[in-house]
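All remarks here apply to the structure that follows.
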Number of protein chains: 2
Amino acid sequence: MLSTEQIIGVMSAQGLRITDQRKSLAKLFAERDGYLTPKDVYDYMCKQYSGLSFDTVYRNLRVMEELGVLEQVVFEDGLKFRVGCNSDGHHHHHMICLQCEKTYPIHFCPMPLTDAPEQFQVVKHKFEVFGYCKDCRPKESKETNESSKQKKGES
Amino acid sequence: MLSTEQIIGVMSAQGLRITDQRKSLAKLFAERDGYLTPKDVYDYMCKQYSGLSFDTVYRNLRVMEELGVLEQVVFEDGLKFRVGCNSDGHHHHHMICLQCEKTYPIHFCPMPLTDAPEQFQVVKHKFEVFGYCKDCRPKESKETNESSKQKKGES
DNA sequence: CTACTTGCAAAAAGTTTGCAATATG
DNA sequence: CATATTGCAAACTTTTTGCAAGTAG
């Protein structure tokens with residue numbers, strides 16, 4: 001994962017000017033490894049840097065995404081961003097916690113095992129697992145011997 | 001895949017009234033097996049049924065999605081709908097053509113092979129393969145791509 | 001000092017809601 | 001005939017754009 005300084009370094013190396021707003025952004029994304037909506041980003045940055053406008057957030061998110069510092073994912077409820085973690089060149093997928101939205105890498109990639117039907121020319125793929133991480137598992141179902149309630153019903 | 005009559009049948013069986021607009025919708029989704037944006041739907045329906053309003057499209061898309069007739073997918077460029085194909089209860093995934101947006105089923109599901117790290121409680125997953133189907137493979141120069149990713153800062 | 005960035009405001013795009021009129025079952 | 005459904009208009013959310021002022025390099 002990239003550190004604040006690394007993120008700033010990349011931006012600087014690409015000729016971007018390092019403003020207070022961009023420092024805030026770098027810090028935010030270096031600290032958090034989950035997905036953030038533009039609004040999340042805006043709210044956080046306002047605390048550090050008052051007088052921020054929303055369009056600045058959008059503009060910078062887009063720039064950082066084009067630089068490869070951030071990656072953009074479309075969720076059911078909208079667009080979200082996180083620190084790019086494929087910048088290290090290592091292909092992997094994610095388990096994404098529905099509660100805290102932290103991500104955990106899955107190094108297993110199903111593509112090599114997948115048959116493309118009828119000369120389908122594969123360009124890219126998406127494999128994402130959603131659920132609850134160990135810190136966010138619904139506690140309410142605390143039954144001690146909940147052994148055979150495995151419903152694998154799934155979307 | 002569901003036919004026009006089947007779609008209408010489901011809606012009728014659920015107590016929905018069969019209006020001209022809904023017939024258009026049923027016909028549209030029965031004919032096309034790719035993904036359609038609300039705007040696509042609106043444009044198509046206008047040709048068949050003039051005087052249509054946009055909110056009717058949204059309302060019906062939502063209703064049909066709740067009924068399970070349609071399924072809703074979030075793409076990079078927005079929400080899209082298609083005929084529900086999991087209504088038969090058979091879990092599968094899709095290869096989606098980036099050109100014509102037709103989908104091809106993948107019956108292989110990677111979930112059983114995937115290790116959930118650290119007590120991650122899996123709720124759902126998404127496995128989608130994107131590329132070009134045999135009818136849409138880039139023969140020579142496909143101009144329809146969104147190659148608008150310009151590199152900036154090349155002073 | 002130069003021009004990249006920002007903030008403001010307003011526009012654009014996408015989606016939802018209230019309500020009276022209409023048409024289905 | 002009762003009420004689900006539609007069309008209209010307007011609210012609302014999210015994202016984008018133009019432009020003058022501010023600031024990093």
Side-chain angles (χ1 to χ4, degrees), chain A residues 5 7-26 28 35-46 48-67 69-70 72-81, chain B residues 7-26 28 35-46 48-67 69-70 72-81 146 148-155:
Chain A
E5 293 72 30
I7 294 174
I8 291 176
V10 172
M11 295 202 285
S12 181
Q14 298 284 338
L16 296 188
R17 293 188 175 170
I18 305 308
T19 63
D20 288 346
Q21 291 90 331
R22 285 179 177 162
K23 282 181 202 161
S24 289
L25 270 170
L28 169 59
Y35 290 94
L36 298 170
T37 63
K39 175 170 280 184
D40 291 335
V41 175
Y42 176 74
D43 290 342
Y44 174 94
M45 283 180 68
C46 271
Q48 297 209 340
Y49 181 88
S50 62
L52 179 74
S53 75
F54 226 108
D55 45 289
T56 299
V57 172
Y58 276 106
R59 276 186 290 226
N60 280 320
L61 288 176
R62 203 187 321 142
V63 168
M64 290 169 78
E65 196 265 338
E66 283 165 4
L67 249 56
V69 175
L70 297 185
Q72 193 181 37
V73 174
V74 184
F75 285 86
E76 312 285 320
D77 57 336
L79 214 52
K80 300 189 182 178
F81 294 84
Chain B
I7 294 173
I8 290 175
V10 173
M11 294 202 285
S12 182
Q14 299 283 340
L16 297 188
R17 292 185 177 171
I18 306 308
T19 62
D20 289 345
Q21 292 89 332
R22 284 178 177 163
K23 283 181 200 159
S24 288
L25 270 170
L28 169 58
Y35 290 94
L36 298 170
T37 63
K39 174 169 281 185
D40 290 337
V41 175
Y42 177 76
D43 291 342
Y44 174 93
M45 285 180 67
C46 271
Q48 298 208 339
Y49 182 89
S50 61
L52 178 75
S53 75
F54 225 106
D55 44 290
T56 299
V57 172
Y58 276 106
R59 276 185 290 226
N60 281 318
L61 287 176
R62 205 190 316 145
V63 168
M64 292 170 75
E65 196 263 337
E66 283 164 4
L67 249 56
V69 175
L70 296 185
Q72 193 181 36
V73 174
V74 185
F75 284 84
E76 311 284 320
D77 57 338
L79 214 53
K80 300 190 180 177
F81 294 84
E146 83 292 60
S148 53
K149 255 199 175 174
Q150 294 178 296
K151 279 196 68 170
K152 51 191 308 185
E154 187 65 17
S155 61

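In what follows, chains are A, B, ... by sequence order, proteins preceding strands, each numbered from 1. FYI, side chains are in, hydrogens and waters are out, and symmetry mates aren't considered; it's all heavy atoms of this structure.
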Note: for Gly78(B) and Leu16(B) on DNA chain C, the residue whose nearest nucleotide lies more 5' is Gly78(B)

The reported gap from CD in Glu65(A) to CG in Leu79(A) (rounded to nearest 0.5 angstrom) is 8.5 Å

May I ask you to verify if any side-chain N or O of Thr56(A) is less than 4.0 angstrom from the OP1 or OP2 atom of dT5(C)?
no

The reported gap from OG1 in Thr37(B) to CG in Asp43(B) (rounded to nearest 0.5 angstrom) is 7.5 Å

So CG of Asp20(A) and CG of Leu25(A): to nearest 0.5 Å the spacing works out to 11.5 Å

Is the phosphate of dT6(D) approached by Arg59(B) (side-chain N or O, under 4.0 Å from OP1 or OP2)? no

Separation of dT17(C) atom P from Phe54(B) atom CZ, nearest Å, is 16 Å

Here the distance between atom P of dT5(C) and atom CZ of Arg62(A), to the nearest Å, is 13 Å

Review point. Between Arg22(A) and Arg17(A), is there a donor-acceptor pair closer than 3.5 Å when you use the side chain of the first and the backbone of the second?
Key: yes

When rounded to whole Å, the CD to C1' distance for the pair Glu65(A) and dT15(D) reads 15 Å

query: Do any side-chain nitrogens or oxygens of Tyr58(B) fall under 4.0 Å of OP1 or OP2 in dT15(C)?
result: yes

**OP:** Check if the side chain of Arg17(A) and the base of dA3(C) share a donor-acceptor pair of N or O atoms closer than 3.5 Å.
**Re:** yes

Counting the atoms with a prime plus P, OP1 and OP2 as sugar-phosphate, which does Tyr49(B) contact under 4.0 Å by heavy atoms, base, sugar-phosphate, or nothing? sugar-phosphate

Lys23(A) NZ to dT5(C) P, in whole Å, measures 14 Å

Atom CG of Leu79(B) and atom P of dT15(D) are separated, to the nearest Å, by 13 Å

Does Gln21(B) make a side-chain N or O approach to OP1 or OP2 of dG7(D) shorter than 4.0 Å?
yes

Taken to the nearest whole Å, CD/Gln48(B) to P/dT6(D) is 15 Å

Arg22(A) CZ to dG22(D) C1', in whole Å, measures 14 Å

Rounded to whole Å, CG of Leu61(B) lies from C1' of dT5(D) at a distance of 15 Å

| query | Which part of the nucleic acid does Gly51(B) contact within heavy-atom distance under 4.0 Å: base, sugar-phosphate only, or nothing? | reply | sugar-phosphate

Closest to the 5' end of DNA chain D, once Asp55(A) and Lys39(A) are matched to their nearest nucleotides, is Lys39(A)

### Message
Tell me whether the rings of Phe54(A) and Tyr42(A) are parallel (<30°), tilted (30 to 60°) or perpendicular (>60°).
### Response
parallel

Is the phosphate of dT6(C) approached by Thr19(A) (side-chain N or O, under 4.0 Å from OP1 or OP2)? yes

